[in-house]
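Numbers restart at 1 for each chain; the letters A, B, ... are given by sequence-line order, proteins then strands. Just so it is clear, the values below take in all heavy atoms, side chains as well, and ignore hydrogens, waters and symmetry mates. Please read these numbers as outputs of a predicted model, since none were measured by experiment.
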Amino acid sequence: MENNLILYNTLSRKKEIFTPLKAPFVGMYVCGPTVYGDAHLGHARPAITFDLIYRYLTHLDYKVRYVRNITDVGHLEADADEGEDKIAKKARLEQLEPMEVVQYYSDRYHENMSQLNVKKPSIEPRASGHIIEQIEMVKKIMDEGYAYEVNGSVYFDVFKYNQSHEYGKLSGRVLEDLISNTRDLEGQTEKKNGYDFALWKKAMPEHIMRWPSPWSDGFPGWHMECSAMGCKYLGEYFDIHGGGMDLLFPHHESEIAQSNIANGGDPAKYWVHNNMITINGKKMGKSLNNFITLNEFFNGEHKSLEQAFSPMTIRFFILQAHYRSTLDFSNEALVAAEKGLDKLLKASETLHQLKASDQSDFNVVEMKLNCYRALDDDFNSPILIAHLFEVVKWINQVKHEKAKLKKEDIEALKILFNIFVFQILGLKPEKQSNDDHEIVDGLMNTILDIRKDAKDNKNWGLADKIRDELGKLKIDIKDTKEGASWEIKE
RNA sequence: GGUCUCGUGGCCGAGCGGUUAGGCAGAGGUCUGCAAAACCUUGUACAGCGGUUCGAAUCCGCUCGAGACCUCCA
């Protein structure tokens, strides 16, 4: 497949033509969740954004190795260097082994991802399983003279690094500004400078998660894991590094610094960042405590929710905005997404019942090109969806015999829907598929048959009664020219 | 305080120098035993004020407003 893909590179702040380092292979690393709580709507954004990118690159015939980590150690609670490990804290509170907490929330995260139809990454490494690699990397940085040890902890010397490299080139920060901003931070730390970051932390006695190292029994600094694991599975220089915009600084900036010293260069060619989801105009996040978990969306049990929203509604809602824009949550917006998605999926079913004509009123080839153009332009899913809704219009017009489509065009549209709606956008019908389906179908056909007899005899009372009673069972009956149809609500 | 981003019709959200974005909601109509769905028609939108230009939502400046990062955060 010819490649016209353009993507926005945070590093250059420009859209660039996507040229893989070693086509057809593509290496993509995305910062995954810290598993110490249920995933919320904010977590769904990068998952779905990079799922879209993964799916599209795969569709373009690239052999993608997609690595998304699980952070199960090293993330500190309050201060980057003085706080307590998030996992360990949660474990102590709940009287659980740290790894028990990790297992529990990892499982729940995976369950949510599966519900959202997010494909599994090729590799999902855990930080705790790569302590050796991280220690090795810290050693390298020590050997190069860009890190110093204080009381068993190791810090990266940002000032020294900045003399030969540019600390801040990703986030657009200037070290002088950082100096003036960190100068008046309270508390005397072990660090030479406030902006230095930890590569290895000595564990306090109460700290449960700890590993031996040349410097102390302790644990790796947060930024180490992504550098070490990215390098291990994708090489020292790979194609795409992704994550949320809030990770730009200091996380990704520090990864670049570490990698430059340890491996002699940047870790990735393209840096891709998804924007935040907001609630009442503010970022939805753990720290602001204004988040709604995915499970709460799915079951509707949250005071801010007027109803439950299905995983596919959430997915569609997110895909209707460009990944680099903020997306504002509201019940109204989600209801709109729910209805829009329903319309799209219904049209997909209708497509299979269309009657072919000997000519077409629409240019299917052009439409297909437009769909590709949308995705090629920095994965513009909202534009793609707008195109798909035009196809929905076509389908409905043909259904109502107000427009025509040739047989081969109908077939082409089926393929188009399959590619863009199902394979790339990753949407799927949400009907429960259980073994009772055939029985239910049979029953419904019988009932609708009886109702049709009633209607033919103008026995409106009986016809309405059947519809009303079924309605109470959440079964919707709709009369069309072709006969009655039914569907289960919600 | 520093750095950066954004402000689009009732709501969400594309576009980023000249062409209808799209979805939801609203209004009118077609269809229909009724209802629903679908279809057709329908919207004085681009924070404000200046400037550049033949032409600006789109570029520049200022003002106002909102947000992100600078500390863990997707």
### Query
Between U3(B) and A21(B), how far is it from one P atom to the other, in whole Å?
37 Å

### Message
Can you tell me if K368(A) has over 12 outside heavy atoms packed within less than 6.0 Å of its NZ?
### Response
no

### Query
Between Q320(A) and G22(B), is there a side-chain N or O to OP1/OP2 distance below 4.0 Å?
no

### Task
Please work out if M245(A) contacts a base, only the sugar-phosphate, or nothing of the nucleic acid, heavy-atom cut-off 4.0 Å.
nothing

### Message
Measure CG/L116(A) against C1'/A74(B) and give the value in whole Å, please.
### Response
13 Å

### Task
Could you check I385(A) against G285(A) and say which one's nearest nucleotide on RNA chain B is further toward the 5' end?
I385(A)

### Query
Which value, in whole Å, describes the distance between the C1' atoms of nucleotides G13(B) and G1(B)?
34 Å

### Query
OP1, OP2 of A74(B) versus side-chain N and O of N274(A): anything below 4.0 Å?
no

### Message
Work out how far the C1' atom of C11(B) is from that of U63(B), and round it to whole angstrom.
### Response
28 Å

### N370(A) CG - U19(B) C1' separation (whole Å)
14 Å

### Query
Considering only the P atoms, how many Å lie between G15(B) and U8(B), rounded to the nearest integer?
14 Å

### Message
Need one value for T350(A): base, sugar-phosphate or nothing, where a base atom within 4.0 Å counts as base even if backbone is also close, heavy atoms only.
### Response
nothing

### Task
Ignoring the backbone of A321(A), work out which of C70(B), A68(B), G13(B) is nearest its side chain.
G13(B)

### Message
Check whether Y167(A) forms a cation-pi arrangement with R173(A) (NZ or CZ under 6.0 Å from the six-membered ring centre, at most 45° off the ring normal).
### Response
no

### Query
Counting only side-chain N and O atoms of K282(A), is one of them less than 4.0 Å from OP1 or OP2 of A66(B)?
no

### Task
Check every strand shown and say whether K478(A) touches a base, only sugar-phosphate, or nothing at a heavy-atom separation below 4.0 Å.
base

### Task
Using atom CZ of F197(A) as one end and atom P of U71(B) as the other, report the distance to the nearest whole Å.
13 Å

### Task
Measure distances between side-chain N and O atoms of R173(A) and base N and O atoms of C4(B), and say whether any donor-acceptor pair falls under 3.5 Å.
no

### Whether over 12 other heavy atoms sit under 6.0 Å from F159(A) CZ
no

### Query
Of all the nucleotides listed (C72(B), C39(B), C12(B)), which has the minimum atom distance to the side chain of W222(A)?
C72(B)

### Message
Say we look at G48(B) and U42(B): how far apart would their P atoms be, to the nearest angstrom?
### Response
27 Å

### Query
What does R373(A) touch in the nucleic acid at a heavy-atom separation under 4.0 angstrom: a base, only the sugar-phosphate, or nothing?
nothing

### Task
Report which part of the nucleic acid H40(A) touches: base, sugar-phosphate, or nothing (heavy-atom distance under 4.0 Å, all strands).
base

### Query
Phosphate oxygens OP1/OP2 of C39(B): is one of them under 4.0 Å from a side-chain N or O of H400(A)?
no

### Query
Do the numbers put K120(A) on top of the ring of Y54(A), so that NZ or CZ is under 6.0 Å from the six-membered ring centre and no more than 45° off the axis?
no

### Task
Starting from P on C4(B), measure out to CG on L11(A) and report it in whole angstrom.
17 Å

### Task
Indicate, with yes or no, if the rings of F156(A) and Y161(A) have centres closer together than 6.0 Å.
yes

#### Entry: Nearest-nucleotide pick for R13(A), side chain only, options being C70(B), A74(B), C4(B)
C4(B)

### Query
With a centroid cutoff of 5.5 Å and a plane-angle limit of 30°, would you call F389(A) stacked on G23(B)?
no

### Task
Would you indicate what K343(A) reaches in the nucleic acid, counting non-hydrogen atoms under 4.0 angstrom: base, sugar-phosphate, or nothing?
sugar-phosphate

## Note on the structure
Side-chain atoms of K283(A) come closest, of C39(B), A74(B), G13(B), to A74(B)

### Task
Tell which nucleotide pairs with U52(B), taking only Watson-Crick or G-U wobble pairs whose two distances are both under 3.5 angstrom.
none

### Task
Could you check whether A386(A) gets within reach of a base, just the sugar-phosphate, or nothing at all, counting any heavy atom under 4.0 Å?
base

### Polar pair under 3.5 Å, donor/acceptor by atom type, side chain D464(A), base G33(B)
yes

### Message
I'd like to know if D479(A) reaches the base of C34(B) with its side chain such that a donor and an acceptor end up less than 3.5 angstrom apart.
### Response
yes

#### Entry: C6(B) - base-pair partner by Watson-Crick or wobble geometry, distances under 3.5 Å
G65(B)

### Query
At under 4.0 Å between heavy atoms, what does L388(A) touch on the DNA or RNA strands: base, sugar-phosphate, or nothing?
nothing

## Note on the structure
Of the candidates C24(B), C11(B), A74(B), the side chain of S330(A) sits closest to C11(B)

### Query
Which is true for K393(A) with a 4.0 Å heavy-atom rule: it touches a base, it touches only sugar-phosphate, or it touches nothing?
sugar-phosphate

### Query
Looking across every strand, which nucleic acid part, if any, lies under 4.0 Å from L334(A) by heavy atom: base, sugar-phosphate, or nothing?
nothing

### Message
If you compare every side-chain N and O of T326(A) against the phosphate oxygens of U5(B) (OP1, OP2), does one of them come in below 4.0 Å?
### Response
no

### Message
Work out how far the P atom of C64(B) is from that of A74(B), and round it to whole angstrom.
### Response
35 Å

### Message
Tell me whether K414(A) at atom NZ has more than 12 heavy atoms from other residues, nucleotides or ligands lying less than 6.0 Å away.
### Response
yes

### Query
If you find the nucleotide of RNA chain B closest to E332(A) and the one closest to R467(A), which residue's nucleotide is nearer the 5' end?
E332(A)

### A336(A) side-chain proximity, nearest of C24(B), A74(B), A14(B)
C24(B)

### Task
Could you work out which one of A14(B), G13(B), A74(B) sits closest to the side chain of L327(A)?
G13(B)

### Query
Whom does A38(B) pair with, Watson-Crick or G-U wobble, provided both distances fall under 3.5 Å?
U30(B)

### Query
Touch check for L247(A), heavy atoms < 4.0 angstrom, all strands: base, sugar-phosphate only, or nothing?
sugar-phosphate

### Task
Please state how far atom CG in D377(A) lies from atom C1' in C16(B), giving the value in whole angstrom units.
11 Å

### Task
For atom CG of N280(A), decide whether the heavy atoms of other residues, nucleotides or ligands shown that lie under 6.0 angstrom number more than 12.
no

### Gap in Å between the two P atoms, one belonging to C46(B) and one to G10(B), rounded
10 Å

### Task
Just call it for G42(A): base, sugar-phosphate, or nothing, with non-hydrogen atoms closer than 4.0 Å on any strand.
base

### Task
Could you measure between the two P atoms, the one in U20(B) and the one in A57(B), and give it in whole Å?
15 Å

#### Entry: Single hit among W200(A), F197(A), F249(A), Y155(A) for ring pair (Phe, Tyr, Trp, His ring centres under 6.0 Å) with H223(A)
F197(A)

### Task
Evaluate the ring planes of Y29(A) and H241(A), with Trp represented by its six-membered ring, and classify them as parallel (under 30°), tilted (30 to 60°) or perpendicular (over 60°).
tilted

### Message
Less than 4.0 angstrom between a side-chain N/O of N380(A) and OP1 or OP2 of G15(B), yes or no?
### Response
yes

